[in-house]
Structure formats: C-alpha cells, structure tokens
Q: 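Mind having a look at this structure? Questions to follow.
When reading the values below, keep in mind they use all heavy atoms of this one structure, side chains included, and skip hydrogens, waters and symmetry mates. Just follow the structure's listing: the first ligand is 1, and inside any ligand the first atom is 1.
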Amino acid sequence: MTTALITGITGQDGSYLAEHLLSLGYKVHGLVRGQANPKRPLMEALLPDVEVLEGDLLDQTSLINAMQHCQPDEVYNLAAISFVPLSWNQAELTAETTGLGVLRMLEAIRIVSGVTGSQTSGPGIKFYQASSSEMFGKVRETPQNEGTPFYPRSPYGVAKVYGHYITVNYRESYNLFACSGILFNHESPRRGVDFVTRKLSLGAARIKLGKQSELLMGNLESKRDWGYAPDYVRAMHLMLQQPEAEDYVIGTGEQHSGQEFAELAFKQVGLNCEDYIRQDPRFMRPAEVDHLLGDASKAREELGWAPSLSFEELVQVMVESDLETESKTS
Ligand code: NAP
C-alpha cells in the first residue's frame, strides 16, 4: 500500500487530495499544527480514515518526527500562509512558513532518507511542492507556462518563489524526486471564506436569504484563471507518478474577472450584483496582480490532465453549496 503524508490537511486542497488518495487505496497521514486547532475536529469528521500527525512547518524536528513515524512514499507540501492580503501584514511569518517551511520539509526528507550527496539510489520519498501562479505576478508574457520568468508582487508570491527554487535545487543537488506544481487559482465550496470567490458565492447566498444586506469587496477588475480544486489535486498526484520529477503549470487557459464571477453568482440567485456590492479600500492590495492566464499544454500532453468544470459551472457549484448550507443555519 502506498503511504502519503499531506501537510495543510485542514485546508481546501488537503481535504480534496486526501479523499482522492484514499479512493486510490493509499494510506494517508495528515499534518496538523497547534494546540486545540479548531479545524482538526472538522477535518477528522470529514476524513475519518486519515491518521493525524502533529507538526508545524516552523518546527524542523516535528517534521522529521512525522516523517520518521509514517515512512511516506509520497509527501505533498500544501501547508502555507496562503491568503495573499495577509502576507503584507505578516510578511515575516509568510516567509518563514510559505518559504522556509519548504526547505524544512525537504531537509526532513533528506535526513530521514539518509541522503548526503547526489548519488541517491531509486526514487526514495517523492515530494510535491504547492507552487503558485502568484509567482508570475506582474506577468512577463501571456499566457504563462513553465518557462515564464517570475515577477512576484506580494510577500506571499516572493515566499512561493523561494519554495519553488529550493525544490528545484534539492532535486538537482540531491537527486530527490521533487516536483513543483505551479497551480493557478482553484476554488470550491471548501475555499476559505476570505478568498474573493467564496466571499462572493457566500455573500450572494446570504443576501438572497436576507441574512446580509451588502457585500464589501476590494478590486474586482483583476483577471484570474479560475479552476475547480478537485481537478487540481488530481494533477498533484499525477505529477508524482511520472518517470522523472518535473514542474508543471496547471490552469484552465481561460481568464475571468472578479466582476464576472460576481455577476454570475448574483444572477444565479436572481439578483443584480451592482445593487449590493460596495468597494471598500480596506480590501485593496498595496501591489496588484492584474491578470494571470495559465498555459497547461505540458500537463495536458504528459499527464493527460484536463479540467472537468467550466467557469460558469464552478460559480454554480459554489453558490448552490452556500445556499444549501446557509438555508439550514440561522
Ligand atoms: P488553505 O486552505 O489556506 O490551507 C493552508 C493550510 O496550511 C492549512 O491546512 C493550514 O493549517 C496550513 N498551515 C498554515 N501554516 C502552517 C504551519 N506553520 N504548519 C503547518 N501547517 C500550516 O490553502 P489551499 O487553498 O488548500 O492551498 C494549498 C496550497 O496550495 C497552499 O500552499 C497554497 O499557497 C497553494 N496554492 C493554492 C492555490 C489556490 O488557488 N487554492 C493556488 C496555487 C497555490 P491551519 O488549518 O492550522 O491554519
């Protein structure tokens, strides 16, 4: 039986990836941080077959212990400070977690596998790093592929660039099977409620149900390549099943603005978003990423990967889910 260790198991992608790996017959361990982490009971209820290990990306020894305990075949590093706006307020924590946390994960693999030079025999522990399209930032070309230069525009993006290059470096230095998936935005009903898409789907549902009267948003003009999270975790797994460790861009190849998402979400509940959304400067970013568009040709050709939901279907799934949940609670 293949054994996987997932960091960030309490997050959106961690839960979908765990479900996917369990469905393939994997033994799955999930790393959870902190004392009385409020997300732990929710995660354990959703994923009762996942074995929880305690650990923190800020604590090297805890990562070595976790890896020694579960002896994984595959490690998926999804843990991060992942909310871009937060990364300006907590830039140092973001660098420590989203950047140096990747180094600590790679060091844990290297130490547990006893790798000291470049002559590793066999694939050893395979490693997936959750890189991000935010690394492209102020884009140098459109669409963006694996060869597009990075120009990050937030402390989050900068930390992800470090995580990306240290993954490449450990692959080249120690011959580790280490892949970096450069994923464009992916959303779902499990997306955190602060993120723009979920804020819009939840806001539309709550306004429709009379639980809220307006929605305060930041910039809705930026364009993103938005996909469906369960499709993206399939790509993570596929990357680790290839004969060679390589990096892949994952995106839909379609670009839509936050405004388009808002219009569709409110239309679905029979409302006009212009009547309810107000722009609030508090939600504007100090440096904006105007547009991102992924070219996932390599993943399509080598992984056989393709998205399953259109943008319109994604909005529909998220609004339906929030309507259903919100109609059951006061
Ligand atoms: P998410 O929902 O925000 O989950 C982040 C996870 O990281 C949570 O489980 C969180 O645990 C954990 N974490 C934070 N700090 C930690 C620490 N010090 N030690 C251990 N765990 C820690 O993020 P997501 O949307 O699932 O994304 C997964 C990964 O993909 C992230 O690295 C993200 O940056 C990257 N990514 C996401 C997207 C996207 O569109 N979703 C696109 C590209 C890349 P707590 O529950 O304890 O806070």
Side-chain angles (χ1 to χ4, degrees), residues 5-19 30-44 46-47 50 52-60 62-63 66 75-87 90 92-102 104-105 108 128-137 144 152 154-164 167 180-198 224-233 235-236 247-252 289 292 294 296 314 318:
L5 170 64
I6 302 175
T7 72
I9 190 84
T10 55
Q12 170 187 257
D13 291 6
S15 68
Y16 285 120
L17 179 63
E19 283 171 355
L31 193 86
V32 176
R33 67 168 165 161
Q35 285 180 305
N37 184 326
K39 293 196 203 148
R40 179 171 175 166
L42 301 173
M43 189 280 289
E44 286 174 321
L46 182 68
L47 301 163
V50 167
V52 172
L53 296 175
E54 286 166 2
D56 195 308
L57 253 61
L58 304 179
D59 182 345
Q60 179 73 74
S62 72
L63 302 178
V75 173
Y76 295 86
N77 182 38
L78 310 185
I81 299 297
S82 71
F83 188 49
V84 176
L86 179 72
S87 76
Q90 298 187 14
E92 187 181 338
L93 180 66
T94 302
E96 279 286 353
T97 311
T98 306
L100 279 179
V102 187
R104 295 189 190 101
M105 288 297 291
Y128 172 84
Q129 166 56 17
S131 287
S132 165
S133 57
E134 288 286 324
M135 300 189 305
F136 296 123
Q144 296 86 50
S154 61
Y156 169 81
V158 173
K160 281 287 181 191
V161 170
Y162 176 81
H164 176 81
T167 300
S180 168
I182 307 175
L183 273 48
F184 282 65
N185 287 62
H186 44 280
E187 318 295 316
S188 76
R190 295 184 195 166
R191 187 60 140 150
V193 293
D194 289 331
F195 289 82
V196 62
T197 53
R198 184 73 198 292
R224 292 287 183 276
D225 179 335
W226 271 307
Y228 183 45
D231 288 339
Y232 287 53
V233 302
M236 297 175 189
D247 307 324
Y248 292 88
V249 159
I250 302 293
T252 68
V289 172
L292 293 172
L314 171 67
M318 291 179 69

Q: If you have a sec, work out which protein heavy atom is nearest atom 26 (O) of ligand 1 and how many Å separate them, to one decimal?
A: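 Here the closest protein heavy atom is Asp13 N, 2.8 Å.
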
Q: Over 60° means perpendicular and under 30° means parallel, so classify the ring planes of Phe195 and Phe83, tilted if in between.
A: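 Plane angle over 60°, so perpendicular.
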
Q: If you measure every N or O of Ala80 against every N or O of ligand 1, does any of those distances drop under 3.5 Å?
A: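 Among all N and O atoms of Ala80, at least one is under 3.5 Å from an N or O of ligand 1.
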
Q: With a 4.5 Å cut-off on side-chain heavy atoms, are Glu54 and Gln35 touching?
A: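 They are not in contact (no side-chain heavy atoms under 4.5 Å apart), so the answer is no.
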
Q: Would you mind listing which atoms of ligand 1 come within a distance below 4.0 Å of any non-hydrogen atom of Asn185?
A: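 So the answer, numbered in order with elements, is 40 (O).
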
Q: Of all residues at least two apart in sequence or in a different chain, which pass the side-chain hydrogen bond (donor to acceptor under 3.5 Å, both in side chains) check with Ser188?
A: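 Here the qualifying residues are Gln12, Tyr16.
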
Q: Could you list which atoms of ligand 1 come closer than 4.0 Å to a heavy atom of Ser131?
A: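 So the atoms of ligand 1 that pass are 43 (C), 44 (C).
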
Q: Considering non-hydrogen atoms of the protein only, which is the closest contact for atom 23 (O) of ligand 1, and what is the distance?
A: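 Going by distance alone, atom 23 (O) of ligand 1 is nearest to Ser82 OG, 3.5 Å.
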
Q: Would you call Tyr162 and Leu100 a side-chain contact if the rule is heavy atoms closer than 4.5 Å?
A: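 In short, these two side chains touch, coming nearer than 4.5 Å.
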
Q: Counting heavy atoms only, which of Phe195, Tyr16, Tyr156 comes nearest to atom 36 (N) of ligand 1?
A: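 Nearest heavy atom to atom 36 (N) of ligand 1 lies in Tyr156.
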
Q: Who's closest to atom 21 (N) of ligand 1 heavy-atom-wise, of Ala130, Ala79, Ala229?
A: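 Residue with the shortest heavy-atom distance to the ligand atom: Ala79.
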
Q: Between Ser133 and ligand 1, find which residue part has any heavy-atom pair under 4.0 Å and reply side chain, backbone, both or neither.
A: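 None of Ser133 does.
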
Q: Using modelled atom types only, decide if a donor and an acceptor are shared between the side chain of Thr98 and the backbone of Ala95 within a distance under 3.5 Å.
A: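 Judged by distance alone, no pair lies under 3.5 Å.
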
Q: Heavy atoms only: which of Leu78, Val32, Ile81 lies closest to atom 28 (C) of ligand 1?
A: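 The option holding the nearest heavy atom is Leu78.
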
Q: Looking at Lys160, which atoms of ligand 1 are within less than 4.0 Å of one of its heavy atoms?
A: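 Listed by number with element, the hits are 31 (C), 32 (O), 33 (C), 34 (O), 35 (C).
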
Q: Does the distance from a Lys or Arg side-chain N to an Asp or Glu carboxylate O, for Glu187 and Arg224, drop under 4.0 Å?
A: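 No salt bridge links Glu187 with Arg224.
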
Q: Nearest heavy atom to atom 17 (C) of ligand 1 wins, so pick from Asp56, Thr197, Val84.
A: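 The option holding the nearest heavy atom is Asp56.
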
Q: Tell me, which protein residue and heavy-atom name are nearest atom 43 (C) of ligand 1, and how many Å apart are they?
A: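 Protein heavy atom at minimum distance: Leu183 O, 3.1 Å.
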
Q: I want to know if ligand 1 touches Thr10 in the polar sense, i.e. an N/O pair below 3.5 angstrom.
A: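 Thr10 vs ligand 1: N/O contact under 3.5 Å present.
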
Q: Any idea which part of Gln12 is under 4.0 Å from ligand 1, heavy-atom wise: side chain, backbone, both or neither?
A: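 For Gln12, backbone and side-chain atoms both sit under 4.0 Å from ligand 1.
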
Q: For atom 38 (C) of ligand 1, state which one of His186, Met135, Met43, Arg33 supplies the nearest heavy atom.
A: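 Among His186, Met135, Met43, Arg33, the closest heavy atom to atom 38 (C) of ligand 1 belongs to His186.
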
Q: Are the side chain of Thr97 and the backbone N or O of Thr94 linked by a donor-acceptor pair below 3.5 Å?
A: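 Pair absent, no side-chain N/O of Thr97 close to backbone of Thr94.
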
Q: Short N/O distance, under 3.5 Å, between Leu57 and ligand 1?
A: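 Yes, since at least one N or O of Leu57 sits under 3.5 Å from an N or O of ligand 1.
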
Q: Could you see which bit of Thr7 sits under 4.0 Å from ligand 1, with heavy atoms only: side chain, backbone, both or neither?
A: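 Answer for Thr7: neither.
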
Q: Answer yes when Glu44 and Lys39 have at least one side-chain N-carboxylate O distance shorter than 4.0 Å, and no when they do not.
A: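 No, this pair does not count.
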
Q: I'd like to check the side-chain hydrogen bond (donor to acceptor under 3.5 Å, both in side chains) partners of Asp56; sequence neighbours left out, ordered by chain and number.
A: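 side-chain hydrogen bond (donor to acceptor under 3.5 Å, both in side chains) check on Asp56 returns nothing, list empty.
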
Q: Can you tell if the side chain of Trp226 reaches within under 4.5 Å of the side chain of Val196, non-hydrogen atoms only?
A: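 Yes, side chains in contact.
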
Q: Should you measure from each heavy atom of Arg191, which atoms of ligand 1 turn up under 4.0 Å away?
A: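 The atoms of ligand 1 under 4.0 Å from a heavy atom of Arg191 are 25 (O), 39 (C), 40 (O), 41 (N).
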
Q: Determine yes or no for a side-chain-to-main-chain donor-acceptor pair under 3.5 angstrom, with Gln129 supplying the side chain and Thr167 the backbone.
A: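 A pair under 3.5 Å: no.
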
Q: Which residue, Arg191, Met236, Arg190, forms the side-chain contact (heavy atoms from CB on, under 4.5 Å) with Asp13?
A: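 Looking at Arg191, Met236, Arg190, the match for Asp13 under the side-chain contact (heavy atoms from CB on, under 4.5 Å) is Met236.
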
Q: For atom 6 (C) of ligand 1, which protein heavy atom lies nearest, and how many Å away is it?
A: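 Checked against all protein heavy atoms, atom 6 (C) of ligand 1 sits closest to Gly8 CA, 3.6 Å.
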
Q: Could you identify the single nearest non-hydrogen protein atom to atom 4 (O) of ligand 1 and state the distance to 0.1 Å?
A: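 Answer for atom 4 (O) of ligand 1: Gly11 CA, 3.4 Å.
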
